[in-house]
Amino acid sequence: MGHPDFGKLIPCQCKIREMERKRLEHLRRWSSISHLSHMTFETFNPNGVGVNEEIRRNLRMAYEAALRFARNPRGWLLIKGGYGCGKTHLAAAIANYRLQRGEPAIFIVVPDLLDYLRASFAPDSGLPYDERFNELRNAPLLILDDLGSHSSTSWAQEKLFQLLNYRYMARLPTVITTDLELEEIDPRLRSRLADYDFTEIVTIKAPDYRSAQGQSPLSALGLYKHMTFDNFDLRTAEVGLTSEERRNLREAFRLAKEYAKDPSGWLVLLGKAPGCGKTHLAAAIANYRVQKGYPAIFVVVPDLLDYLRATFSPTSLISYDEAFEEVRTAPLLVLDDLGTESATPWAKEKLYQIFNYRYVARLPTVITTSKDPEEIDSRIRFRMFDPSISKVLAILAPEYLREKTSRR
């Protein structure tokens, strides 16, 4: 008499265990981890494929952080990285590790999570919204894959905040993967993700493992693999070149080679004459980096825009968002022949978004163009010629092929 539980129906321990088992089976079926059962720590390659030692160390660090969390889930683990770098594999490996040991874990992609909650409002829903939401926010281990890929409606943002804020206050183990930078995440969520006493942040630098040797299907570098520093012609024996043009060409060669060894900021190569050497030097930079095991994308600007447009086709194997993200976040991006593209409003906007992102993020970028600076979109021109980030050199040499023909 007088006990808080007096007069209440309380299931026995065996019944509680059975109810918990059924609930977890329901959650596991719903979270669709079964189709990711092959993603384990044993099948993850911490050495990468065709990557350099720095990226191998980074992958090994991410692998060990995920394995530590799987063995003892405490706090939050945030795994950041580009498409195909392995963050989903590690997140699924954590879920599979816990489930194989009979411990509860929910793995779900964020857009599917929101769809699951919306479905509770349907008249034929078997589970009311409150129950669905409670089973998520109280899950012993919750793994949210691909934060940022959802539609950013006010309702979606509010539900995610409520879910993560509850788990943050209750100190419930949570794993989150995203391809966003912290600055791009809702400030309310960011403040919780940036709590370094509670959240371990792992950034994976590896390129898309689905692209052999770190090369994207977008990159045309295979067509330019013969363009290296070793076979670049400084045209020392060419009678038509002035001493100033020779010095200028040597300076362009020196600057490009120096940049290839340690890409930092932007390198802009100008040249009015076609065939003056700017494309060869840009391709040589990309080839040098790839030979050293670093990822690089080399693309002619009109081809880049065609590639992005093609993703809108129903038969495209890659979504526009994936293609666009791959370009704007590439560890090294070489844009050849800027200014030869069709200057539609859409093309201008896409190029500006790429340039602006890479400018703000200070990502290594090489740009070649034969256009006068005044002919380039002012928004892009401002970023290209900002001396705080860009080294600019105009190649003065005339067209190489024309000069050879003239001498003959």
Side-chain angles (χ1 to χ4, degrees), residues 10-44 62-79 86-120 125-147 150 159-178 189 192-193 195 198-200 202:
I10 299 175
C12 64
Q13 289 300 313
C14 60
K15 194 65 178 176
I16 290 175
R17 287 194 293 272
E18 181 186 344
M19 291 166 62
E20 180 68 7
R21 181 182 58 78
K22 288 182 178 179
R23 186 179 72 84
L24 292 175
E25 284 177 359
H26 159 70
L27 291 176
R28 186 172 183 175
R29 284 195 305 272
W30 165 68
S31 68
S32 301
I33 191 63
S34 57
H35 77 284
L36 300 178
S37 59
H38 62 287
M39 290 188 174
T40 65
F41 288 110
E42 289 74 19
T43 59
F44 185 84
Y63 170 85
E64 290 172 353
L67 186 55
R68 278 197 310 272
F69 189 92
R71 288 171 175 165
N72 184 24
R74 289 183 181 276
W76 286 12
L77 178 64
L78 174 64
I79 305 176
K87 57 187 186 294
T88 294
H89 190 138
L90 288 176
I94 293 171
N96 285 316
Y97 184 98
R98 301 302 297 175
L99 291 168
Q100 285 164 9
R101 282 153 182 76
E103 300 292 338
I106 298 175
F107 176 100
I108 188 164
V109 182
V110 171
D112 294 342
L113 157 74
L114 296 169
D115 285 345
Y116 178 75
L117 293 177
R118 290 187 191 99
S120 63
S125 172
L127 202 63
Y129 169 82
D130 289 342
E131 286 187 43
R132 291 194 181 198
F133 193 67
N134 281 332
E135 68 184 10
L136 280 170
R137 67 179 187 174
N138 289 302
L141 173 59
L142 179 63
I143 300 171
L144 298 178
D145 188 39
D146 222 0
L147 177 69
H150 57 283
K159 294 304 115 183
L160 281 174
F161 172 72
Q162 289 174 351
L163 173 63
L164 290 175
N165 184 60
Y166 180 91
R167 296 187 66 81
Y168 176 79
M169 300 301 292
R171 291 311 202 236
L172 291 171
T174 307
V175 178
I176 301 164
T177 78
T178 183
L189 297 181
R192 286 146 182 81
L193 293 171
D195 181 349
F198 185 62
T199 303
E200 180 178 5
V202 173

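No hydrogens, no waters, no symmetry mates; every other heavy atom, side chains included, goes into these values.
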* **L90 side, atom CG; I94 side, atom CD1 - distance, nearest 0.5 Å** => 7.0 Å
* Asked: Between T177 and L147, is a side-chain contact (heavy atoms from CB on, under 4.5 Å) present by the stated rule, with each step listed?
  -> CA-CA 6 Å; T177 78; L147 177 69; over 6 Å; no
* Asked: If we only count heavy atoms from C-beta on, is the Q13 to I16 side-chain gap below 4.5 Å?
  -> yes
* Check each of D112, V110, T88, V175 against D145 using the side chain to side chain contact (heavy atoms under 4.5 Å, CB included) test, and report the only one that passes. => T88
* Asked: For L141 and P104, which heavy atoms make the closest approach, and how far apart are they?
  -> CB-O, 3.8 Å
* **Which atom of P173 lies closest to which atom of P140, heavy atoms considered** => CD-O, 3.5 Å
* Structure fact -> Closest non-hydrogen contact found for L136 with L163 is C-CD1, 3.9 Å
* Beyond-backbone contact of R137 with L164, side-chain heavy atoms, under 4.5 angstrom -> no
* Are side-chain heavy atoms of L142 and R167 found at a separation under 4.5 Å? -> yes
* To do: Using the test ring pair (Phe, Tyr, Trp, His ring centres under 6.0 Å), find all partners of Y168 that sit at least two apart in sequence or belong to another chain.
  => W76, F198
* Any side-chain heavy-atom pair from F107 and L144 closer than 4.5 angstrom? -> no
* Is there a donor-acceptor pair under 3.5 Å between the side chain of T174 and the backbone N or O of L172? -> yes
* **From CA spacing to verdict: side-chain contact (heavy atoms from CB on, under 4.5 Å), R192, F161** => CA-CA 10 Å; R192 286 146 182 81; F161 172 72; 3.7 Å; yes
* Report yes or no: does T178 contribute a side-chain atom to a donor-acceptor pair with the main-chain N or O of D146 at less than 3.5 Å? => no
* Asked: Could you state the interatomic distance from CG (D195) to CG (L78), rounded to the nearest 0.5 Å?
  -> 12.0 Å
* **Min side-chain heavy-atom separation L36-M39 under 4.5 Å** => yes
* Mind checking whether L77 and V202 have side chains closer than 4.5 Å, heavy atoms only? -> yes
Please list every donor-acceptor pair under 3.5 Å in which a side-chain atom of residues 64-74 meets a protein atom from a residue at least two apart or in another chain.
unit_1 : atom_1 : unit_2 : atom_2 : d
R68    : NH2    : E200   : OE2    : 3.2
N72    : OD1    : R74    : NE     : 3.4

* To do: Taking all heavy atoms of L189 and all of L160, pick out the closest pair and write down the distance.
  => CD2-O, 4.0 Å
* For the pair N96 and T40, evaluate side chain to side chain donor-acceptor pair (under 3.5 Å) and give the outcome as yes or no after the intermediate values. => CA-CA 7 Å; N96 285 316; T40 65; over 6 Å; no
* Asked: Is there side-chain contact between H38 and T43, with heavy atoms separated by less than 4.5 Å?
  -> no
* **Side-chain ion pair, R118 and D115, N-O less than 4.0 Å** => yes
